[in-house]
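Just so it is clear: chains get the letters A, B, ... in the order the sequence lines come, proteins before strands, and each one is counted from 1.
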Amino acid sequence: MNPNDVAAFQTTFLTWYDTNKRDLPWRQNHDPYLVWLSEVMLQQTQVQTVLPYFQRFTQALPNLTALAQVDETQLLKLWEGLGYYSRARNLKKAAQQLLADYDGQFPTTAAELENIIGIGPYTAGAIASIAFQQVVPAVDGNAYRVFSRLLADDFDISQSKARPHFAQVIQPLLPPQRPGDFNQAVMDLGASICTTKDPACLLCPIQAYCTSYQTGTQLDFPVKTKKIRQKKVQLIALVIQNAQGAYLLQQRPEQGLLGGLTTLPLVDLSDLDVTEQTLPQALQTYFAHNYNLALTQVQDLKLKPVVHVFTHLHWTIHLFGAKLGDPQADVAYFPGYFVPKARLGDQAQATLQKKLLKRADLSKK
DNA sequence: AAATCGTGGGA
DNA sequence: TTCCCAAGATT
(Lines give C-alpha, C1' and ligand atoms only; values in the text may rest on other atoms or scores of the structure.)
Protein backbone atom coordinates (compact mmCIF):
# COMPACT_ATOMS: atom_id res chain seq x y z
CA MET A 1 0.00 0.00 0.00
CA ASN A 2 1.37 3.41 -0.86
CA PRO A 3 1.40 6.17 1.81
CA ASN A 4 -1.73 7.93 0.53
CA ASP A 5 -3.69 4.71 0.58
CA VAL A 6 -2.45 3.91 4.07
CA ALA A 7 -3.82 7.16 5.47
CA ALA A 8 -7.18 6.69 3.77
CA PHE A 9 -7.30 3.05 4.86
CA GLN A 10 -6.68 4.01 8.50
CA THR A 11 -9.34 6.72 8.45
CA THR A 12 -11.90 4.44 6.85
CA PHE A 13 -11.19 1.58 9.23
CA LEU A 14 -11.24 3.73 12.40
CA THR A 15 -14.42 5.49 11.31
CA TRP A 16 -16.06 2.10 10.90
CA TYR A 17 -14.81 1.09 14.34
CA ASP A 18 -16.18 4.24 15.96
CA THR A 19 -19.72 3.41 14.89
CA ASN A 20 -19.57 -0.39 14.96
CA LYS A 21 -17.38 -1.32 17.90
CA ARG A 22 -18.78 -3.81 20.34
CA ASP A 23 -19.73 -2.56 23.77
CA LEU A 24 -17.60 -4.80 25.96
CA PRO A 25 -17.03 -4.47 29.71
CA TRP A 26 -13.24 -4.26 29.35
CA ARG A 27 -13.64 -1.35 26.96
CA GLN A 28 -15.15 0.96 29.59
CA ASN A 29 -11.72 2.38 30.37
CA HIS A 30 -8.08 1.63 29.69
CA ASP A 31 -7.17 0.30 33.13
CA PRO A 32 -4.20 -1.95 32.33
CA TYR A 33 -5.32 -4.47 34.98
CA LEU A 34 -8.67 -4.95 33.27
CA VAL A 35 -7.17 -4.92 29.78
CA TRP A 36 -4.70 -7.58 30.90
CA LEU A 37 -7.34 -9.82 32.50
CA SER A 38 -9.58 -9.62 29.48
CA GLU A 39 -6.75 -10.42 27.09
CA VAL A 40 -5.64 -13.45 29.07
CA MET A 41 -9.20 -14.76 29.35
CA LEU A 42 -9.69 -14.22 25.62
CA GLN A 43 -6.69 -16.36 24.68
CA GLN A 44 -8.16 -19.10 22.47
CA THR A 45 -11.56 -18.29 23.94
CA GLN A 46 -14.57 -16.56 22.43
CA VAL A 47 -15.98 -13.29 23.75
CA GLN A 48 -19.34 -14.78 24.63
CA THR A 49 -17.67 -17.40 26.81
CA VAL A 50 -15.48 -14.86 28.58
CA LEU A 51 -18.15 -12.31 29.50
CA PRO A 52 -19.58 -13.93 32.67
CA TYR A 53 -16.11 -14.99 33.84
CA PHE A 54 -14.78 -11.47 33.45
CA GLN A 55 -17.64 -10.01 35.49
CA ARG A 56 -17.24 -12.47 38.35
CA PHE A 57 -13.45 -12.37 38.36
CA THR A 58 -13.14 -8.59 38.42
CA GLN A 59 -15.82 -8.31 41.08
CA ALA A 60 -14.03 -10.81 43.34
CA LEU A 61 -10.51 -9.60 42.53
CA PRO A 62 -10.70 -5.96 41.44
CA ASN A 63 -6.97 -5.18 41.54
CA LEU A 64 -3.45 -6.59 41.55
CA THR A 65 -3.22 -6.75 45.32
CA ALA A 66 -6.36 -8.84 45.65
CA LEU A 67 -5.24 -11.16 42.88
CA ALA A 68 -1.76 -11.59 44.34
CA GLN A 69 -3.26 -12.73 47.66
CA VAL A 70 -6.10 -14.93 46.45
CA ASP A 71 -5.99 -18.53 47.61
CA GLU A 72 -5.65 -21.26 45.03
CA THR A 73 -9.10 -22.72 45.62
CA GLN A 74 -10.92 -19.46 45.05
CA LEU A 75 -8.74 -18.65 42.06
CA LEU A 76 -9.49 -21.91 40.29
CA LYS A 77 -13.13 -21.71 41.30
CA LEU A 78 -13.35 -18.38 39.51
CA TRP A 79 -11.76 -20.01 36.47
CA GLU A 80 -13.57 -23.36 36.48
CA GLY A 81 -14.89 -24.31 33.07
CA LEU A 82 -12.82 -21.70 31.22
CA GLY A 83 -10.01 -24.11 30.38
CA TYR A 84 -6.24 -23.76 30.05
CA TYR A 85 -5.95 -23.59 33.81
CA SER A 86 -2.30 -22.57 33.84
CA ARG A 87 -3.58 -19.18 32.69
CA ALA A 88 -5.23 -18.69 36.07
CA ARG A 89 -2.18 -19.70 38.06
CA ASN A 90 0.03 -17.53 35.88
CA LEU A 91 -2.25 -14.55 36.53
CA LYS A 92 -1.60 -14.82 40.24
CA LYS A 93 2.14 -15.29 39.73
CA ALA A 94 2.17 -12.28 37.43
CA ALA A 95 0.35 -10.15 39.99
CA GLN A 96 2.97 -11.07 42.59
CA GLN A 97 5.72 -10.40 40.07
CA LEU A 98 4.29 -6.96 39.25
CA LEU A 99 3.99 -6.02 42.92
CA ALA A 100 7.46 -7.27 43.78
CA ASP A 101 9.47 -6.11 40.79
CA TYR A 102 7.45 -3.31 39.20
CA ASP A 103 6.06 -1.46 42.22
CA GLY A 104 2.60 -2.62 41.23
CA GLN A 105 2.71 -0.67 37.98
CA PHE A 106 2.44 -2.38 34.62
CA PRO A 107 5.41 -1.67 32.35
CA THR A 108 4.25 0.28 29.32
CA THR A 109 6.18 -1.24 26.44
CA ALA A 110 5.47 -4.51 24.69
CA ALA A 111 9.05 -5.70 25.19
CA GLU A 112 8.86 -5.24 28.97
CA LEU A 113 5.38 -6.69 29.20
CA GLU A 114 6.63 -9.90 27.61
CA ASN A 115 8.77 -10.50 30.67
CA ILE A 116 5.64 -11.05 32.75
CA ILE A 117 4.61 -14.69 33.08
CA GLY A 118 1.60 -15.46 30.90
CA ILE A 119 2.10 -12.44 28.65
CA GLY A 120 3.35 -13.46 25.22
CA PRO A 121 3.84 -11.44 22.04
CA TYR A 122 0.15 -11.00 21.29
CA THR A 123 -0.98 -10.03 24.78
CA ALA A 124 1.98 -7.68 25.19
CA GLY A 125 1.04 -5.88 21.98
CA ALA A 126 -2.60 -5.69 23.01
CA ILE A 127 -1.89 -4.21 26.45
CA ALA A 128 0.80 -1.84 25.20
CA SER A 129 -1.40 -0.45 22.43
CA ILE A 130 -4.74 -0.38 24.24
CA ALA A 131 -3.67 0.70 27.72
CA PHE A 132 -0.53 2.70 26.88
CA GLN A 133 -1.00 3.89 23.28
CA GLN A 134 2.20 2.23 22.12
CA VAL A 135 2.35 1.92 18.34
CA VAL A 136 2.69 -1.86 18.15
CA PRO A 137 0.49 -4.51 16.53
CA ALA A 138 -1.47 -7.19 18.39
CA VAL A 139 -0.99 -10.22 16.21
CA ASP A 140 -3.62 -12.84 16.95
CA GLY A 141 -5.77 -15.13 14.83
CA ASN A 142 -7.91 -12.19 13.73
CA ALA A 143 -4.86 -10.29 12.55
CA TYR A 144 -3.65 -13.33 10.60
CA ARG A 145 -7.00 -13.57 8.88
CA VAL A 146 -7.57 -9.87 8.19
CA PHE A 147 -4.09 -9.02 6.96
CA SER A 148 -3.36 -12.21 5.05
CA ARG A 149 -6.55 -11.50 3.08
CA LEU A 150 -6.04 -7.75 2.83
CA LEU A 151 -2.58 -8.20 1.35
CA ALA A 152 -3.04 -11.68 -0.15
CA ASP A 153 -0.12 -12.72 2.03
CA ASP A 154 0.40 -16.48 1.80
CA PHE A 155 2.80 -16.86 4.72
CA ASP A 156 1.91 -20.12 6.47
CA ILE A 157 0.42 -19.24 9.86
CA SER A 158 1.28 -22.71 11.16
CA GLN A 159 4.92 -21.67 11.19
CA SER A 160 6.31 -20.18 14.37
CA LYS A 161 7.74 -17.30 12.35
CA ALA A 162 4.24 -16.24 11.26
CA ARG A 163 3.79 -13.89 14.21
CA PRO A 164 6.96 -11.84 13.64
CA HIS A 165 6.26 -11.88 9.91
CA PHE A 166 2.80 -10.38 10.27
CA ALA A 167 3.97 -7.98 12.98
CA GLN A 168 6.41 -6.58 10.46
CA VAL A 169 3.73 -6.42 7.79
CA ILE A 170 1.21 -4.67 10.03
CA GLN A 171 3.60 -2.19 11.66
CA PRO A 172 3.60 0.40 8.81
CA LEU A 173 -0.20 0.27 8.68
CA LEU A 174 -0.68 1.31 12.32
CA PRO A 175 -2.10 4.81 12.90
CA PRO A 176 0.30 6.49 15.39
CA GLN A 177 -2.52 8.37 17.10
CA ARG A 178 -4.84 5.41 17.72
CA PRO A 179 -2.94 2.11 17.68
CA GLY A 180 -5.13 0.50 20.36
CA ASP A 181 -8.35 1.31 18.55
CA PHE A 182 -6.85 0.05 15.31
CA ASN A 183 -5.90 -3.28 16.89
CA GLN A 184 -9.36 -3.63 18.40
CA ALA A 185 -10.92 -2.74 15.05
CA VAL A 186 -9.03 -5.70 13.58
CA MET A 187 -10.48 -7.96 16.28
CA ASP A 188 -14.03 -6.73 15.72
CA LEU A 189 -13.72 -7.04 11.97
CA GLY A 190 -12.32 -10.54 12.32
CA ALA A 191 -15.12 -11.56 14.66
CA SER A 192 -18.02 -10.13 12.70
CA ILE A 193 -17.11 -9.72 9.03
CA CYS A 194 -13.73 -11.16 8.11
CA THR A 195 -14.70 -14.54 9.55
CA THR A 196 -13.04 -17.85 8.79
CA LYS A 197 -15.87 -19.35 6.80
CA ASP A 198 -18.19 -17.25 4.71
CA PRO A 199 -16.66 -13.81 5.26
CA ALA A 200 -19.12 -10.95 4.68
CA CYS A 201 -16.97 -9.11 2.18
CA LEU A 202 -19.93 -7.14 0.83
CA LEU A 203 -20.26 -5.48 4.23
CA CYS A 204 -16.55 -4.98 4.80
CA PRO A 205 -15.46 -1.39 5.40
CA ILE A 206 -12.01 -2.03 3.91
CA GLN A 207 -13.16 -4.06 0.94
CA ALA A 208 -11.74 -1.45 -1.46
CA TYR A 209 -8.26 -2.07 -0.04
CA CYS A 210 -8.48 -5.87 0.03
CA THR A 211 -6.34 -7.63 -2.54
CA SER A 212 -7.85 -11.09 -2.00
CA TYR A 213 -11.39 -9.73 -2.39
CA GLN A 214 -10.47 -8.19 -5.70
CA THR A 215 -9.26 -11.55 -6.98
CA GLY A 216 -11.97 -13.58 -5.24
CA THR A 217 -9.43 -15.53 -3.22
CA GLN A 218 -10.59 -14.63 0.32
CA LEU A 219 -11.04 -18.27 1.27
CA ASP A 220 -7.48 -19.12 0.24
CA PHE A 221 -6.26 -17.08 3.20
CA PRO A 222 -4.83 -17.43 5.69
CA VAL A 223 -2.63 -20.32 4.58
CA LYS A 224 -2.47 -22.97 7.31
CA THR A 225 -0.85 -26.33 6.69
CA LYS A 226 -0.66 -28.05 10.05
CA LYS A 227 -3.54 -30.10 11.34
CA ILE A 228 -3.84 -31.64 14.75
CA ARG A 229 -4.80 -35.27 15.22
CA GLN A 230 -6.54 -36.14 18.45
CA LYS A 231 -5.13 -39.20 20.09
CA LYS A 232 -7.87 -41.56 21.20
CA VAL A 233 -7.60 -42.82 24.76
CA GLN A 234 -9.82 -45.16 26.73
CA LEU A 235 -10.04 -44.48 30.44
CA ILE A 236 -11.78 -45.82 33.52
CA ALA A 237 -13.27 -43.39 36.02
CA LEU A 238 -13.87 -44.91 39.42
CA VAL A 239 -16.68 -44.06 41.79
CA ILE A 240 -15.13 -45.23 45.04
CA GLN A 241 -17.04 -44.86 48.30
CA ASN A 242 -15.63 -45.32 51.76
CA ALA A 243 -17.48 -46.64 54.78
CA GLN A 244 -18.96 -43.19 55.45
CA GLY A 245 -20.26 -42.94 51.90
CA ALA A 246 -17.81 -40.24 50.87
CA TYR A 247 -16.27 -40.31 47.39
CA LEU A 248 -12.61 -40.52 46.47
CA LEU A 249 -11.28 -37.63 44.41
CA GLN A 250 -7.93 -37.60 42.66
CA GLN A 251 -5.76 -34.50 42.86
CA ARG A 252 -3.99 -33.85 39.59
CA PRO A 253 -0.42 -32.54 39.54
CA GLU A 254 0.08 -28.79 39.19
CA GLN A 255 1.74 -29.21 35.82
CA GLY A 256 -0.03 -30.74 32.90
CA LEU A 257 -3.57 -31.47 31.84
CA LEU A 258 -6.22 -30.05 34.19
CA GLY A 259 -3.35 -29.15 36.50
CA GLY A 260 -4.28 -28.67 40.14
CA LEU A 261 -7.88 -29.78 39.66
CA THR A 262 -9.61 -32.80 41.13
CA THR A 263 -11.47 -35.52 39.24
CA LEU A 264 -12.79 -38.95 39.95
CA PRO A 265 -9.80 -41.32 39.97
CA LEU A 266 -8.85 -41.96 36.34
CA VAL A 267 -6.97 -44.95 34.99
CA ASP A 268 -5.69 -45.24 31.45
CA LEU A 269 -6.97 -48.55 30.11
CA SER A 270 -3.64 -49.15 28.40
CA ASP A 271 -1.96 -49.17 31.82
CA LEU A 272 -4.03 -52.15 32.89
CA ASP A 273 -3.18 -55.78 32.40
CA VAL A 274 -6.41 -57.12 30.98
CA THR A 275 -4.88 -59.99 29.13
CA GLU A 276 -4.69 -62.27 32.13
CA GLN A 277 -7.43 -60.72 34.22
CA THR A 278 -10.92 -59.37 33.93
CA LEU A 279 -11.22 -55.59 33.97
CA PRO A 280 -12.47 -55.37 37.58
CA GLN A 281 -9.63 -57.62 38.71
CA ALA A 282 -7.11 -55.56 36.80
CA LEU A 283 -8.35 -52.38 38.46
CA GLN A 284 -8.08 -54.04 41.85
CA THR A 285 -4.52 -55.08 41.11
CA TYR A 286 -3.66 -51.63 39.79
CA PHE A 287 -4.86 -49.86 42.94
CA ALA A 288 -3.18 -52.38 45.19
CA HIS A 289 0.16 -52.08 43.45
CA ASN A 290 0.22 -48.35 42.78
CA TYR A 291 -1.61 -46.93 45.76
CA ASN A 292 -1.62 -49.71 48.36
CA LEU A 293 -5.41 -49.51 48.36
CA ALA A 294 -7.65 -52.58 48.56
CA LEU A 295 -10.78 -52.14 46.48
CA THR A 296 -13.80 -54.39 46.74
CA GLN A 297 -16.97 -54.79 44.72
CA VAL A 298 -15.30 -53.37 41.62
CA GLN A 299 -17.92 -53.40 38.90
CA ASP A 300 -18.85 -51.87 35.60
CA LEU A 301 -21.63 -49.38 36.28
CA LYS A 302 -22.84 -50.01 32.74
CA LEU A 303 -23.42 -46.33 32.08
CA LYS A 304 -23.01 -44.61 28.75
CA PRO A 305 -19.34 -43.67 28.50
CA VAL A 306 -18.41 -40.02 28.95
CA VAL A 307 -16.72 -38.59 25.87
CA HIS A 308 -14.52 -35.57 26.35
CA VAL A 309 -12.37 -33.93 23.71
CA PHE A 310 -9.32 -31.82 24.41
CA THR A 311 -7.27 -30.01 21.81
CA HIS A 312 -5.06 -33.02 21.22
CA LEU A 313 -6.86 -35.86 23.02
CA HIS A 314 -10.11 -37.72 22.55
CA TRP A 315 -11.11 -39.43 25.78
CA THR A 316 -13.73 -42.13 26.15
CA ILE A 317 -14.33 -42.77 29.83
CA HIS A 318 -16.08 -45.82 31.24
CA LEU A 319 -17.47 -45.57 34.75
CA PHE A 320 -16.79 -48.28 37.30
CA GLY A 321 -17.88 -48.45 40.92
CA ALA A 322 -15.96 -49.79 43.91
CA LYS A 323 -15.83 -49.71 47.66
CA LEU A 324 -12.98 -49.50 50.10
CA GLY A 325 -12.89 -52.77 51.95
CA ASP A 326 -11.11 -51.61 55.08
CA PRO A 327 -12.80 -48.69 56.89
CA GLN A 328 -9.39 -47.82 58.34
CA ALA A 329 -7.74 -47.91 54.94
CA ASP A 330 -4.71 -45.69 54.53
CA VAL A 331 -5.08 -43.34 51.58
CA ALA A 332 -1.63 -41.86 52.11
CA TYR A 333 -0.22 -43.40 48.93
CA PHE A 334 -3.03 -42.08 46.78
CA PRO A 335 -2.87 -38.50 45.46
CA GLY A 336 -6.33 -37.50 46.63
CA TYR A 337 -8.88 -37.64 49.42
CA PHE A 338 -12.45 -38.53 50.28
CA VAL A 339 -15.15 -35.90 49.98
CA PRO A 340 -18.82 -36.13 51.06
CA LYS A 341 -21.27 -35.83 48.21
CA ALA A 342 -22.46 -32.38 49.31
CA ARG A 343 -18.88 -31.05 49.26
CA LEU A 344 -17.89 -32.29 45.78
CA GLY A 345 -18.35 -28.81 44.34
CA ASP A 346 -16.17 -26.99 46.87
CA GLN A 347 -13.09 -27.44 44.73
CA ALA A 348 -12.93 -26.19 41.16
CA GLN A 349 -14.40 -28.67 38.75
CA ALA A 350 -13.28 -28.97 35.17
CA THR A 351 -16.03 -29.53 32.66
CA LEU A 352 -14.83 -33.10 32.33
CA GLN A 353 -15.40 -33.69 36.05
CA LYS A 354 -18.86 -32.16 35.88
CA LYS A 355 -19.71 -34.54 33.07
CA LEU A 356 -18.46 -37.50 35.08
CA LEU A 357 -20.41 -36.54 38.19
CA LYS A 358 -23.54 -35.97 36.18
CA ARG A 359 -23.26 -39.31 34.46
CA ALA A 360 -22.72 -41.02 37.82
CA ASP A 361 -25.68 -39.07 39.18
CA LEU A 362 -23.54 -37.39 41.82
CA SER A 363 -24.28 -33.82 40.84
CA LYS A 364 -25.62 -31.53 43.50
CA LYS A 365 -29.37 -32.05 43.59
C1' DA B 1 10.53 -26.11 17.58
C1' DA B 2 7.01 -29.10 17.94
C1' DA B 3 3.89 -30.56 21.63
C1' DT B 4 1.08 -29.44 25.15
C1' DC B 5 -2.70 -27.23 27.26
C1' DG B 6 -9.85 -26.79 27.60
C1' DT B 7 -13.98 -25.89 26.07
C1' DG B 8 -18.08 -24.83 23.28
C1' DG B 9 -19.98 -24.20 18.91
C1' DG B 10 -20.74 -24.50 13.98
C1' DA B 11 -20.78 -26.80 9.52
C1' DT C 1 -19.26 -38.45 13.19
C1' DT C 2 -15.69 -35.56 12.47
C1' DC C 3 -13.23 -31.64 11.85
C1' DC C 4 -12.04 -26.99 12.61
C1' DC C 5 -12.01 -22.89 14.94
C1' DA C 6 -11.83 -18.82 18.93
C1' DA C 7 -8.34 -12.11 21.39
C1' DG C 8 -1.87 -17.87 22.51
C1' DA C 9 1.75 -19.04 25.99
C1' DT C 10 4.94 -22.22 27.68
C1' DT C 11 8.45 -25.62 27.47
Side-chain angles (χ1 to χ4, degrees), chain A residues 21-22 24-27 34-54 76 79-91 93-94 113-127 129-130 137-146 156-164 166-167 180 182-192 194-199 219 222 224-232 252-261 263 306-316 348-355:
Chain A
K21 67 182 171 191
R22 290 173 289 179
L24 300 169
W26 47 87
R27 288 181 175 174
L34 299 181
V35 172
W36 170 55
L37 280 183
S38 67
E39 291 303 338
V40 172
M41 287 186 170
L42 286 161
Q43 288 166 8
Q44 302 290 281
T45 310
Q46 304 197 98
V47 167
Q48 188 183 338
T49 304
V50 166
L51 285 171
Y53 286 91
F54 183 81
L76 290 173
W79 204 268
E80 78 173 8
L82 198 52
Y84 291 131
Y85 296 93
S86 66
R87 288 186 296 176
R89 266 194 295 277
N90 283 343
L91 279 178
K93 289 182 198 160
L113 285 162
E114 275 199 63
N115 293 324
I116 310 293
I117 182 73
I119 299 182
Y122 161 74
T123 305
I127 298 173
S129 62
I130 296 169
V139 189
D140 66 344
N142 289 304
Y144 286 153
R145 210 159 52 249
V146 169
D156 180 5
I157 65 166
S158 305
Q159 306 300 315
S160 54
K161 288 179 182 170
R163 203 177 299 276
F166 279 98
F182 182 90
N183 286 333
Q184 292 181 89
V186 173
M187 300 171 200
D188 282 17
L189 189 76
S192 63
C194 197
T195 53
T196 307
K197 306 166 186 174
D198 195 25
L219 295 180
K224 183 176 183 180
T225 60
K226 197 171 57 183
K227 12 189 115 141
I228 307 165
R229 263 288 174 207
Q230 282 148 348
K231 185 182 172 191
K232 295 198 173 182
R252 300 182 63 86
E254 293 279 312
Q255 309 274 359
L257 193 65
L258 305 178
L261 301 181
T263 66
V306 169
V307 172
H308 193 75
V309 178
F310 300 100
T311 303
H312 59 297
L313 295 172
H314 184 290
W315 279 6
T316 304
Q349 294 176 318
T351 298
L352 164 67
Q353 169 70 350
K354 291 193 176 183
K355 283 189 194 174

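- Of the residues in residues 36-46 of chain A, A:Q44, A:T45 come within less than 4.0 Å of DNA chain B through at least one heavy atom, sorted by number.
- A donor and an acceptor atom, one from each side chain of A:E39 and A:Y122, are located under 3.5 Å apart.
- For the pair A:H308 and B:dT7, the criterion of a side-chain N or O lying under 4.0 Å from OP1 or OP2 is met.
- In this structure, A:R87 does not reach the B:dG6 phosphate: none of its side-chain N or O atoms is under 4.0 Å from OP1 or OP2.
- Contacts of A:L313 with the nucleic acid, taken as non-hydrogen atoms under 4.0 Å apart, are absent.
- A distance of about 23 Å separates the C1' atoms of B:dA2 and C:dA7, rounded to the whole Å.
- Comparing atom distances between the A:K197 side chain and each of B:dA11, C:dT2, C:dA7 picks out B:dA11 as nearest.
- Protein atom CG of A:L76 is 16 Å distant from nucleotide atom P of B:dC5, rounded to whole Å.
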May I have the list of side-chain donor-acceptor pairs in residues 138-145 of chain A shorter than 3.5 Å, sequence neighbours left out?
from	atom 1	to	atom 2	distance (Å)
A:D140	OD1	A:N142	N	3.2
A:D140	OD1	A:A143	N	2.9
A:D140	OD2	A:N142	ND2	3.2
A:N142	OD1	A:R145	NH2	2.8
A:Y144	OH	A:R163	N	3.4
A:R145	NE	A:C194	O	2.8
A:R145	NH2	A:G190	O	2.8

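- Looking at A:R22, its side chain comes within 3.5 Å of the base of C:dA7 through a donor and an acceptor atom.
- Going from the P atom of C:dT1 to that of B:dG6 covers 25 Å, rounded to whole Å.
- What separates NE2 of A:H312 from P of C:dC4 is a distance of 16 Å, to the nearest Å.
- Put simply, A:Y85 has a side-chain N or O that comes within less than 4.0 Å of OP1 or OP2 on B:dT7.
- By the side-chain contact (heavy atoms from CB on, under 4.5 Å) test, A:P25 pairs with A:L51, A:F54, A:Q55, sequence neighbours left out.
- Ion pairing of A:K21 with A:D188 is absent here, as no side-chain N (NZ or NE/NH1/NH2) approaches a carboxylate O to less than 4.0 Å.
- For A:R229 and C:dC3, the shortest distance from a side-chain N or O to OP1 or OP2 is below 4.0 Å.
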